[in-house]
Protein chains: 2
Amino acid sequence: MTTAEPDAPHSAPTLSAVAKLAGVSSITVSRVVRLPGLVAPETRGRVEAAMRELGYVPNQLAGALASARTRSVGVLVPTIANSIFADTVQGLSDELEPLGYAVILAQSRYDAMREDRMLAALLSRRPEAIIMVGSPATDDGARLLRRAGIPIVETWELPASPIDAVAGFDNYAAGETVARHLVAQGRRHLAFIGGDDPRATRRWNGFRDAALAAGANEPRRLVLERNASGSVAALAELPGVDAVFAANDAHAIGFLSGLRAAGLQRSGPASAQPVAVIGLGDLEMGRLIAPSLSTIRVHGDAIGRTAAKLMLTRDGPRHVDLGFELVLRDSG
Amino acid sequence: MTTAEPDAPHSAPTLSAVAKLAGVSSITVSRVVRLPGLVAPETRGRVEAAMRELGYVPNQLAGALASARTRSVGVLVPTIANSIFADTVQGLSDELEPLGYAVILAQSRYDAMREDRMLAALLSRRPEAIIMVGSPATDDGARLLRRAGIPIVETWELPASPIDAVAGFDNYAAGETVARHLVAQGRRHLAFIGGDDPRATRRWNGFRDAALAAGANEPRRLVLERNASGSVAALAELPGVDAVFAANDAHAIGFLSGLRAAGLQRSGPASAQPVAVIGLGDLEMGRLIAPSLSTIRVHGDAIGRTAAKLMLTRDGPRHVDLGFELVLRDSG
DNA sequence: CAGGGAAATGATAGCGCTGTCATTTGCGCT
DNA sequence: AGCGCAAATGACAGCGCTATCATTTCCCTG
């Protein structure tokens, strides 16, 4: 333990600075960092002492350039705030961080041009894989990914012709499941509320097709802003509707709040509700409110972990369906 | 437009490959990418065509090594899933991405050892700044940051002796504000529920001190798991309590749910509630539930944006208090 | 019309590491 | 005694860029 120096000199110590201090060659220091087993214990001790003394922090940038292994992953999500995608990011980073991977996070904000820019920006950092929510919105984006020559994992969907690997669930089937359930409960005037991104649209398609097939009226679709508050007022646009499928739980909870304000809410089971509401995502909140929210539970965390596993190996299935479940509570 | 090649050959095209194809030196290609104004339009056109033809994606790793500018920021949060910190990450990345910065995200999971590991891992990527929630938990962590010689922004707190810059609010004062309000409403039996991380503890300290000073009984403190469901059952541990301050809105909503289950909830204003509940964070959900949640509103997004600005310049104030507001609704 | 300077381009030397191939030493075995 | 081999260490080139300092060309100006 030396006396605390008056903060850092100006440039960070390098491998060879450590090497000089320890009286070895720099490659030996490199080995102490990466392959300690190859260095004699006595030498290793000296080198470690030198590293501590200088406060050496390896420069992974240089290492990555020399070895062509960056140990980083590019992660692209529409948005991270307030969103269920955060679970996926958490899941994959929990899986990857212990392995020494860095997560480079980018947000597309549901904007195709921005998505392409972010994709190029990510790729320019030479990640060892890209994990993204959905599929690239443009052909340019897809081409960029295909040419990158690294594992690409598309998530939250099951694209018919994926670029490489997939970890998701069937959004169309989720919509169907909800519609069938609602019709089976005697609801006939259905509506779908939420965004118009590809996944929401797929849910809508399944919802409408199944509703029609089951004999309900033509369902309505209301495209809303991306926040729950927008859905509070959605009711006014949907006269006569007796069941609503929201593209996600936040919208569902907002809609529920609008229903309460309109006096269209009873305490008691789903069958007592003038308007049934079903969400998607299974937020913890949904379980805690009254009436508790019925929802399609998806496995955001498992999607992230699975995506991580898919990027780590090229063997095994490249197309994992994590499924979903209809969780029935009081709202529908 | 050439005919689509059968996907990439195996290694990515380099600057000099583009240069050869365009018949210029590689430095000229580099300039076309970074300083297009310095290259004659005719030359630039040829180079751009060559880049397009080869699908050139610059290697920022190599660029960073050569220029000592990585255009990346390390961001360390306790957790990203389901958390208010996501707003902060969103805010700072919205500010930084247009400037070409990459966000390298790491999670400490409220674990000091993991925090130190993540800090070292981030630093080894040579970010141009580190933005973190809170202050380093250990001296080792603090030393690492101090020695790194880059801007460090601590957020969500106002540490007395920060490493460098700060963008946060006064957690102690938030606790005080809540306690004073509650006591002014005639509540005397207060409790605090939530985690025991440094920020929650600071809130608790302010809460307790102000409660005592205002003449309430000694408040109770209940440390809970980090999810809202844990707080549903908290009520059982708190007999006789007539007001609760939850360390965050999720806990508050969970507790509200426990109250409802116990029949301890009235419709109507705060004064009618047997137990007043106040949260912190101002989640959108809090506004949508019944009773609507009173809360301390903090500006997670602004914290992120401010942190971004603080890392971009060394001029101006390095210590920004973004404040908070007590938002009174129906729960307390 | 000589001289000066701006505009456009290039040659060279690293950035801080790692891959690859030596080289040296010590030791067991026939 | 001599050989072979594993263990430990090192020399050297180069990853794909950019900083820095030329060099060349051309045009404007007094």
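Residue numbers start from 1 in every chain, and the chains themselves are labelled A, B, ... in the order their sequence lines are given, proteins ahead of strands. The model shown is predicted, which means the values in this text are computed figures rather than measured ones.
To the nearest angstrom, C1' of D:dC17 lies 15 Å from CZ of B:Arg69. Here D:dG16 presents its P atom at 18 Å from CZ of A:Arg125, a figure rounded to the nearest Å. The distance from atom CG of A:Leu35 to atom P of D:dT9 is 13 Å, rounded to the nearest whole Å. Following rounding to the nearest Å, B:Leu65 (CG) and D:dT18 (P) show an atom-to-atom distance of 11 Å. In this entry the distance linking CG of A:Leu15 with P of D:dA11 reads 14 Å, nearest Å.
Here chain B contacts DNA chain C (any atom closer than 4.0 Å to a heavy atom, that is under 4.0 Å), and the contacts span C:dA8 to C:dG16 from 5' to 3'.
Look at B:Glu48 and B:Arg44 and you find no salt bridge, because none of the NZ, NE, NH1 or NH2 atoms lies under 4.0 Å from a carboxylate O. Using a cut-off of 4.0 Å between Lys/Arg side-chain N and Asp/Glu carboxylate O, A:Arg143 and A:Asp139 are scored as not salt-bridged. Taking 4.0 Å as the cut-off between side-chain N and carboxylate O, A:Arg69 and A:Glu128 count as a salt-bridged pair. Checked for salt-bridge contact, A:Arg114 and B:Asp94 meet the test: a charged N lies under 4.0 Å from a carboxylate O.
Screening B:Thr306, B:Val153, B:Asp164, B:Ile150 for a side chain to side chain contact (heavy atoms under 4.5 Å, CB included) involving B:Met311 leaves a single residue, B:Val153. Residue A:Trp156 forms a side chain to side chain contact (heavy atoms under 4.5 Å, CB included) with just one option from A:Val166, A:Leu322, A:Ile303, A:Asn171, and that option is A:Ile303.
B:Tyr56 has no side-chain polar atom (N or O) that falls below the 4.0 Å cut-off from OP1 or OP2 of D:dG16.
Ranked by how close their nearest DNA chain C nucleotide is to the 5' end, B:Leu38 and B:Ala66 are led by B:Leu38. If B:Gln60 and B:Arg31 are placed on DNA chain D by their nearest nucleotide, the residue sitting closer to the 5' end is B:Gln60. A residue-by-residue look at B:Ser25 and A:Ile27 shows that B:Ser25 has its nearest nucleotide of DNA chain C further toward the 5' end.
Heavy atoms of B:Thr43 sit under 4.0 angstrom from primed sugar atoms or phosphate atoms, though from no base atom.
No donor-acceptor pair under 3.5 Å is formed between the side chain of B:Glu97 and the backbone N or O of B:Ala102. Formation of a donor-acceptor pair under 3.5 Å by the A:Thr28 side chain with backbone atoms of A:Val24 is not found in this model.
Comparing the start and finish of the helix from C:dC1-D:dG30 to C:dT30-D:dA1, five pairs each, the helix axis swings through 30°, to the nearest 10 degrees.
Remark: the A:Thr138 side chain and the A:Glu115 side chain contain no N/O donor-acceptor pair separated by less than 3.5 Å.
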